[in-house]
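Chain letters run A, B, ... following the sequence lines, proteins first, then strands; residues in each count from 1.
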Protein chains: 2
Amino acid sequence: MPKVGRREQILEKASQLFRTKGYHATTIRDISEASGILSGSLYAHIKSKEDLLFEITDRGAEMFLRSLRSVVMSEEDPVTKLRNALVAHIRVITDNLEAATVFFHEWKALTEERRRIIQQKRDEYEAMWARLLSEGEEKGRFRLVDPKFARLLILSAANGLYQWYHPEGELSPEEVADRFADILLSGFTESEGGEKDESR
Amino acid sequence: MPKVGRREQILEKASQLFRTKGYHATTIRDISEASGILSGSLYAHIKSKEDLLFEITDRGAEMFLRSLRSVVMSEEDPVTKLRNALVAHIRVITDNLEAATVFFHEWKALTEERRRIIQQKRDEYEAMWARLLSEGEEKGRFRLVDPKFARLLILSAANGLYQWYHPEGELSPEEVADRFADILLSGFTESEGGEKDESR
DNA sequence: CCTACCGATCGGTAGG
DNA sequence: CCTACCGATCGGTAGG
């Protein structure tokens with residue numbers, strides 16, 4: 001008899017294993033053992049190993065989209081929006097290190113149809129960042145020599161977080177976002193020193 | 001009878017497959033098929049599948065180390081060194097996209113002993129970057145609120161390159177490095193606009 | 001959720 | 001470098 005919440009527990013164990021060993025190196029027996037059941041019994045809860053990967057990856061994508069949407073839709077100044085978008089992005093990663101790692105590292109292991117679904121959500125996310133930057137450009141708050149390049153640099157740097165951020169380390173997510181924004185902003189805002197937002 | 005250069009060809013095919021499918025998803029039969037021989041014959045050239053991964057990864061590590069060493073040992077100004085280090089890093093990636101991707105993405109699939117060897121070389125590489133940045137700080141050319149953070153941000157952004165750079169795209173490696181340096185430098189050099197190096 | 005199992009495929013080897 | 005294999009393990013299923 002399936003226990004309530006068992007499926008969530010399996011997803012969590014799978015996330016941890018996919019993160020540390022990678023999807024292909026993680027076996028159904030690894031996951032079932034970590035979940036305290038036998039491998040055959042796993043299929044009372046899931047349909048396939050790939051279903052697990054897709055569900056973890058898709059949830060990750062939705063978390064990024066949801067958190068950025070609320071920032072983009074706000075009426076804040078572009079500089080503040082950039083700061084808030086960074087905080088949001090970093091928070092998703094730091095609050096969901098396993099899922100975020102799987103999202104960044106293992107999504108290519110999905111079969112084509114589902115990989116396309118994730119790819120679309122990634123594109124949508126990048127498009128939201130592009131709009132945020134171009135809005136800052138239009139309002140004269142950023143000077144971007146190459147907006148596409150700036151976006152790729154920001155997201156590359158932000159996505160690299162999952163590889164070195166340790167929750168038990170010295171920096172809180174907000175501190176990470178602040179330092180990040182300070183380096184970036186004084187890089188492409190007019191004012192010297194980068195307009196630190198003291199109001200938060 | 002082993003053909004001369006066959007081993008190099010196998011390494012190249014393996015790099016391509018590891019890059020697109022990942023190490024664990026690539027089978028010995030994939031590699032041998034791509035190399036035009038049968039799976040059993042592969043073992044006339046290699047000892048194991050993991051040997052291939054290690055050799056590709058280790059060569060990647062050595063390329064990064066070699067190219068950065070020559071920059072660090074030069075007598076240039078720290079700002080020029082930073083630019084040159086970025087060019088060097090990006091050149092290694094763009095000139096060796098397959099090996100670089102495998103180096104960044106698949107090194108964790110190595111067994112412990114060899115993973116430690118690669119980890120050491122990664123540490124050495126990061127230490128060279130740290131020295132480069134602290135030298136700029138000491139000479140008053142950079143103002144780094146958090147040097148460790150700056151280093152992690154730079155390397156994260158630079159390492160992300162392999163995920164979006166296409167050799168047939170618009171930007172040459174030098175252009176990528178320049179835009180990169182411009183955003184970074186005007187972020188943490190005193191002078192406004194970022195001291196673009198016109199002498200190159 | 002367990003027992004018992006299956007076909008397929010894996011990395012790798014022996015002998016030539 | 002081929003032929004011919006092998007033991008181990010994989011994801012997944014049938015029946016309870």
On the six-membered ring of B/Tyr23, is B/Lys49 placed so that its NZ or CZ lies under 6.0 angstrom from the centre and within 45° of the ring axis?
yes
### Query
Any cation-pi pair here, B/Arg122 with B/Phe103, using under 6.0 Å and within 45°?
yes
Whole angstrom is fine here: how far is it from [atom1] in [X] over to [atom2] in [N]?
X       : N      : atom1 : atom2 : value
A/Arg6  : C/dC2  : CZ    : P     : 8 Å
B/Leu52 : C/dC10 : CG    : P     : 16 Å
A/Asp30 : D/dC10 : CG    : C1'   : 11 Å
A/His45 : D/dG12 : NE2   : C1'   : 15 Å
A/Lys21 : D/dT9  : NZ    : C1'   : 12 Å
A/Leu42 : D/dC10 : CG    : P     : 14 Å
B/His24 : D/dT9  : NE2   : P     : 14 Å
B/Glu33 : C/dC10 : CD    : P     : 11 Å

task = Quick one: sort the A/Phe149 and B/Phe180 rings into parallel, tilted or perpendicular, breaks at 30° and 60°.
result =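 Ring orientation of A/Phe149 relative to B/Phe180: perpendicular.
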Could you tell me whether A/Ser35 contacts a base, only the sugar-phosphate backbone, or nothing, with contacts defined as non-hydrogen atoms closer than 4.0 Å?
-> nothing
* Report which part of the nucleic acid B/Ser32 touches: base, sugar-phosphate, or nothing (heavy-atom distance under 4.0 Å, all strands). => nothing
Taking the side chain of [X] as its heavy atoms from C-beta onward, which of [options] lies nearest to it?
X       : options               : answer
A/Tyr43 : C/dC10, D/dG12, D/dT3 : D/dG12
A/Ala44 : C/dC1, C/dG12, D/dC1  : C/dC1
A/Ser41 : C/dG12, C/dC1, D/dG12 : C/dC1

In terms of the nearest nucleotide of DNA chain D, which residue is placed more toward the 5' end: B/Gly36 or A/Lys49?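 Counting from the 5' end, the first nearest nucleotide belongs to B/Gly36.
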Can you find a pair of side-chain heavy atoms, one from B/Arg19 and one from B/Leu97, that are under 4.5 Å apart? yes
By nearest-heavy-atom nucleotide on DNA chain C, the more 5' of A/Arg29 and B/Arg29 is A/Arg29
Answer for the Watson-Crick or wobble partner of C/dG15, both distances under 3.5 Å, is D/dC2
Practice prompt. Answer yes if the ring centres of B/His89 and B/Tyr125 are under 6.0 angstrom apart, and no otherwise.
Written response: yes
